[in-house]
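Position 1 is the first residue of the sequence, and the numbers go up from there. Values reported hereafter were calculated over all heavy atoms of this structure, with side chains retained and with hydrogens, waters and symmetry mates removed.
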Amino acid sequence: MSDLTTIKPYLRLSGLEPLVIRPETNFVNVGERTNVTGSKKFARLVREGQYEEALSVARQQVESGAQVLDVNMDDAMLDGVSAMRTFLNLVQSEPDIARIPIMIDSSKFEIIEAGLQCVQGKCIVNSISMKEGEAKFIEQAFTCKAYGAAVIVMAFDEEGQADTKKRKVEICHRAYKILTEKVHFAPQDIIFDPNIFAIATGIEEHNNYAVDFIEATREIKRLMPLTKVSGGVSNVSFSFRGNDHVREAIHAVFLYHAIRAGMDMGIVNAGQLVVYDEIEPTLKQLCEDVILNRNNDDNSATEKLIQHAETVKAKGKVEVKDEAWRNDTVEKRLSHSLVNGITDYIEADTEEARQKYPTPLEVIEGPLMDGMGIVGDLFGAGKMFLPQVVKSARVMKKSVAILTPYIEAEKEQRKKAGGAGDTSGAAKILLATVKGDVHDIGKNIVGVVLGCNGYDIIDLGVMVPSDKILDTAQKENAAIIGLSGLITPSLDEMVHIAKEMKRRGMVQPLLIGGATTSRIHTAVKIAPEYEQGVVHVLDASRSVTVAGSLLSKEQKTGFLSDTQSEYIRLKEGFDSKKSVKSYLAYEDALKNKVKVDWDAHLTQTPEFTGTRVFDDFDLGALRPYIDWKPFFITWEMHGNFPEILTDSVVGKEATKLYNDANALLDKIIAEKWLQAKGIIGFWEAAGNGDDVMVKNGAESVKLSFLRQQIKKAPDQPNLSLADFIAPASTGKKDYIGAFAVTLHGIETHIKRFEASHDDYNKIMLQALADRFAEAFAEALHQQTRKEFWGYAKDEQLSNADLIKEQYIGIRPAPGYPACPDHTEKHKLFGLLQATEAIGIQLTESLAMYPASSVCGWYFSNPKSQYFGVGKIQRDQLEDYAKRKEMPLETVERWLSPVLE
């Protein structure tokens with residue numbers, strides 16, 4: 001192999017960005033202020049639980065030049081494990097901090113291991129040593145190696161800390177041989193800390209401490225050239241605490257000599273390093289005498305430095321931060337804050353702009369909208385992604401909130417003066433989740449994006465009746481109405497609203513969106529009912545283009561004409577396909593059921609029958625079950641997880657989003673924002689055609705299922721969920737299960753985020769609550785298979801396997817493809833008593849509230865599988881209505897999405 005392709009034995013660290021320490025690399029600054037033992041401010045913030053503010057300390061260290069961030073939570077009044085985990089998870093959510101490697105610093109190895117579980121990239125452990133003997137040292141070294149971390153080894157053995165050059169070198173060399181020969185640690189991943197002790201203490205034995213460190217460093221680098229040397233620099237000046245000016249000079253002089261001897265890195269306040277050549281000559285000379293222990297007979301050098309220190313006054317420091325943009329005009333500063341999602345200066349900059357412009361409204365219509373115009377352009381060009389846009393919106397909303405009282409005051413003054421209130425403004429777009437539906441994440445995102453593009457958004461929330469939607473639209477003179485829905489009954493409500501708009505003679509275009517909607521349904525079912533313009537909007541990014549076209553006098557007519565022509569073609573194509581597909585008569589489809597050898601079938605009896613409640617399930621235990629792919633889809637980032645994090649287009653922003661999500665997850669779990677409540681149940685069951693009779697105590701409950709009717713290839717069954725329960729005629733005892741899970745407690749936090757104009761965290765929280773609900777369903781299903789029902793006790797599946805549904809059995813949900821009838825949810829809730837037990841309410845459209853809720857059936861049959869019923873024919877519809885003992889027209893309404 002050539003030298004060009006050989007990997008050099010350098011110390012390679014990383015946060016979000018790599019840090020390779022080569023021979024030519026200058027001294028590596030390790031930021032020290034995120035250390036509760038070394039920073040009073042940081043310690044106070046951590047003790048008070050103000051972790052978000054504590055992040056500002058870390059950020060200051062990075063901005064001031066720290067290349068590695070030391071984090072220490074060793075405080076008797078702290079739960080060190082929890083504090084380390086909480087803070088590091090928050091750090092990982094801040095890309096501007098997380099870009100540099102972390103040094104996990106603790107004297108307690110359980111705190112170090114907690115930190116190792118949180119950091120990304122390659123970190124440094126500070127530290128391990130032989131003070132508890134070789135066995136413990138080797139055990140801890142293996143753990144660090146398993147996590148891929150580099151290690152700092154203290155010059156500390158069974159006899160104590162090394163304080164002389166000889167002891168420092170001996171201990172480090174012994175540790176080196178153990179690590180390389182017994183643990184097989186890469187030499188370049190070993191960093192020695194030969195102990196920096198305080199000098200100028202007045203105790204003669206301490207006078208040579210700095211020299212001992214410097215000379216030990218020189219010898220360590222000679223004996224073990226691939227290793228690195230580090231140390232806590234602030235220790236050397238401890239005698240002068242309170243006099244920062246002198247301490248900084250001591251640090252600079254000490255580092256000047258230690259680096260020349262081979263010191264590679266050090267824990268030091270990166271914002272308070274002074275340049276060696278710029279230290280005033282007298283102070284520098286005195287520092288050198290003390291550090292090098294020269295001219296120091298009878299502590300004379302120490303006494304001179306102490307005397308001089310009394311005369312020195314701290315000269316103050318200006319933080320060295322890359323904030324050149326703060327020197328720009330207020331307009332450019334506002335634009336920078338908007339594009340980068342920075343809220344730190346928005347109050348001051350908004351007030352400055354208000355003072356500069358004739359009216360507060362002109363601040364909004366001028367620099368703020370100009371900035372949001374840049375955001376909109378970048379988003380439209382694919383150079384910004386949805387999470388960034390939502391952060392920009394947060395800045396915009398905070399600024400507008402500051403200006404709003406002044407705008408309202410001006411309106412009142414005009415009214416008192418006999419004029420009219422301000423009637424100008426942006427076009428209004430009304431958004432609502434339709435009656436019976438509780439899901440609004442997508443609608444919220446669309447509202448934020450449209451708001452970023454200058455539209456005035458009227459958001460009516462969820463479960464909004466049609467009359468309220470249309471009355472408000474007319475009262476507010478809305479230019480566009482947007483409807484959202486997740487569950488299939490919402491589609492019928494949208495059709496109803498379109499008819500009502502026609503009846504009222506309204507002219508506003510109607511936008512249709514939401515998970516259950518589609519372009520084909522809009523074209524076939526909704527658009528024919530309203531002639532003033534119906535447009536299906538696939539996602540938030542498309543909403544801006546659509547709204548712009550509809551509100552442009554030049555573009556509207558052509559845009560609607562093109563859309564209408566497209567929808568007519570889609571409807572004609574749909575209608576023509578109906579006659580192409582072949583369907584079986586329901587009677588024949590029923591005969592073509594799944595073939596199960598019931599005589600050979602072994603039924604597993606559940607651990608219990610009846611129900612079991614999980615009142616406050618541990619959110620931390622659910623976290624590993626989260627499926628992240630739908631989370632990213634919520635934010636309109638499409639791709640598999642974790643590959644999306646390294647995607648060439650969205651990877652950078654996906655990683656930021658993922659880090660933000662995990663930081664919020666940490667907070668949700670640690671502070672118990674949400675309560676996970678669940679219930680499961682098992683009952684004896686017997687099949688009868690497409691019905692399943694469930695024995696619930698003294699009563700019997702009939703579940704009714706639908707069967708595929710499309711004509712299939714030979715030997716391919718027409719599936720129904722009833723096929724997976726043993727028919728009563730077999731004499732086999734069989735069982736069916738059910739579950740419901742939900743997350744309570746979100747409303748308080750949603751209101752708090754709304755009050756602070758923080759759409760980003762509001763949407764993030766909603767998305768994570770949904771992921772928790774799905775994770776809860778996944779976790780309970782696994783526990784059911786392995787324990788409660790126990791038909792797959794030996795199952796060993798990873799989370800990826802669970803997401804791919806590689807388990808035995810299924811958990812289909814009423815209203816979804818295998819059982820598309822939402823009304824069966826009443827029976828599921830009746831069996832479980834889900835409303836009484838865990839507080840899930842069913843709306844009139846049979847959506848579940850709280851919105852982050854999941855329910856379904858459990859089937860254990862090895863042949864059970866997920867499938868879609870597809871379209872059904874009139875004969876099955878009529879039979880189904882009879883079996884359910886419901887009016888045909890009622891069943892027809894509920895099943896309209898699957899009727900051919």
Side-chain angles (χ1 to χ4, degrees), residues 11 13-17 19 21 27-46 51 54-75 78 80-81 83-92 94 96-109 111-116 118-129 144 147 149-154 189-196 228-238 247 251 254-255 258 263-273:
L11 172 58
L13 306 170
S14 70
L16 293 176
E17 299 174 3
L19 174 63
I21 301 176
F27 181 77
V28 175
N29 291 322
V30 181
E32 68 166 357
R33 306 310 291 171
T34 46
N35 183 326
V36 295
T37 65
S39 168
K40 290 181 180 179
K41 176 183 178 181
F42 184 72
R44 175 181 59 80
L45 292 172
V46 172
Y51 287 101
L55 284 175
S56 66
V57 178
R59 186 174 286 105
Q60 180 271 332
Q61 292 287 281
V62 177
E63 291 172 347
S64 298
Q67 294 152 285
V68 178
L69 189 69
D70 179 84
V71 180
N72 181 297
M73 296 293 178
D74 286 2
D75 186 297
L78 282 177
V81 169
M84 181 67 78
R85 188 174 285 140
T86 300
F87 185 71
L88 284 183
N89 280 324
L90 284 170
V91 165
Q92 303 309 300
E94 298 291 335
D96 54 335
I97 304 173
R99 65 182 179 84
I100 69 171
I102 299 296
M103 180 179 285
I104 303 170
D105 185 354
S106 180
S107 60
K108 299 176 183 177
F109 198 71
I111 297 177
I112 286 174
E113 194 158 10
L116 285 168
C118 299
V119 295
Q120 57 198 339
K122 183 173 180 177
C123 67
I124 303 172
V125 164
N126 185 11
S127 60
I128 61 174
S129 73
C144 296
Y147 281 101
V151 290
I152 289 181
V153 180
M154 296 293 294
D189 285 348
I190 300 170
I191 305 164
F192 289 113
D193 184 340
N195 303 324
I196 299 176
K228 299 290 178 281
V229 173
S230 180
V233 177
S234 59
N235 293 347
V236 76
S237 66
F238 191 72
R247 292 194 75 178
H251 297 165
F254 174 81
L255 284 172
M263 187 179 182
D264 302 281
M265 61 179 65
I267 301 173
V268 62
N269 187 341
Q272 293 187 332
L273 278 178

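Counting all heavy atoms, side chain and backbone alike, Phe27 lies closest to Gly266 at CZ-N, 3.0 Å. Here the closest heavy-atom approach between residue Val46 and residue Ala83 is recorded as CG1-CB, 4.3 Å. In terms of heavy-atom proximity, Met84 sits nearest to Gly115 at CG-CA, 3.9 Å. Here the closest non-hydrogen pair linking Lys122 and Ala149 is CE-C, 4.4 Å. Considering all non-hydrogen atoms of both residues, Gly121 and Ser14 come closest at CA-OG, 3.2 Å. Residues Gln92 and Ile102 share a closest heavy-atom pair of NE2-CG1, 4.0 Å.
For Asp74, the salt bridge (charged side-chain N to carboxylate O under 4.0 Å, His left out) criterion is met by no residue, not counting sequence neighbours. Listed by chain and number, the residues in a side chain to side chain donor-acceptor pair (under 3.5 Å) with Asn235 amount to none (sequence neighbours excluded). By the salt bridge (charged side-chain N to carboxylate O under 4.0 Å, His left out) test, Glu94 is found to be paired with Arg59, residues two or more places apart in sequence or in another chain being considered.
Atoms CD1 and CG, from Ile97 and Leu55 in turn, are 5.0 Å apart once rounded to the nearest 0.5 Å. Rounded to the nearest 0.5 Å, atoms CG (Leu116) and SG (Cys144) are 6.0 Å apart. Taking CE of Met154 as the start and OG of Ser129 as the end, the distance is 7.5 Å to the nearest 0.5 Å. The distance from atom CD1 of Ile104 to atom CG of Leu88, rounded to the nearest 0.5 Å, is 6.0 Å. Residue Ile112 holds its CD1 atom at 8.0 Å from OG of Ser107, rounded to the nearest 0.5 Å. From Ile196, atom CD1 reaches atom OG of Ser237 across 10.0 Å, with rounding to the nearest 0.5 Å.
Two residues are said to be in side-chain contact when any heavy atoms from C-beta on lie closer than 4.5 Å; Met265 and Ile191 meet this criterion. Residues Pro194 and Val229 are in side-chain contact: their nearest non-hydrogen atoms beyond the backbone lie under 4.5 Å apart. Within the 4.5 Å cutoff, the side chain of Ile152 has heavy atoms near those of the Ile124 side chain. By the 4.5 Å heavy-atom criterion applied to side chains, Met263 and Val233 are counted as neighbours. Taking 4.5 Å as the limit, every side-chain heavy atom of Lys108 sits out of range of all side-chain heavy atoms of Val81. Counting heavy atoms from C-beta outward, Val71 and Val91 have side chains that stay 4.5 Å or more apart. Taking the side chain as every heavy atom from C-beta outward, Leu13 and Val28 never approach each other to under 4.5 Å.
Side chain of Gln67 to main chain of Asn29: a donor-acceptor pair is present (N/O by atom type, distance under 3.5 Å, no hydrogens or angles). Of the possible donor and acceptor atoms, none in the side chain of Asn72 sits under 3.5 Å from a partner among the backbone N and O of Val36. Using modelled atom types, no side-chain atom of Asp70 and backbone atom of Val30 make a donor-acceptor pair closer than 3.5 Å. In this structure, the side chain of Ser39 does not engage the main chain of Thr34 through any donor-acceptor pair within 3.5 Å. The main-chain N or O of Asp193 is never found under 3.5 Å from a side-chain atom of Ser230 such that the two would form a donor-acceptor pair.
The environment of Tyr147 atom OH is dense: over 12 non-hydrogen atoms of other residues, nucleotides or ligands sit within 6.0 angstrom.
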Checking Ile100 against Gln61 for the side chain to side chain contact (heavy atoms under 4.5 Å, CB included) test, could you report, in this order, the C-alpha distance in whole Å, the side-chain angles of both residues, the deciding distance, and whether it holds? CA-CA 11 Å; Ile100 69 171; Gln61 292 287 281; over 6 Å; no
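Side-chain atoms of Ser234 and Glu32 include a donor-acceptor pair closer than 3.5 Å.
Ring pair Tyr51/Phe87 is tilted by interplanar angle, where 30° to 60° counts as tilted.
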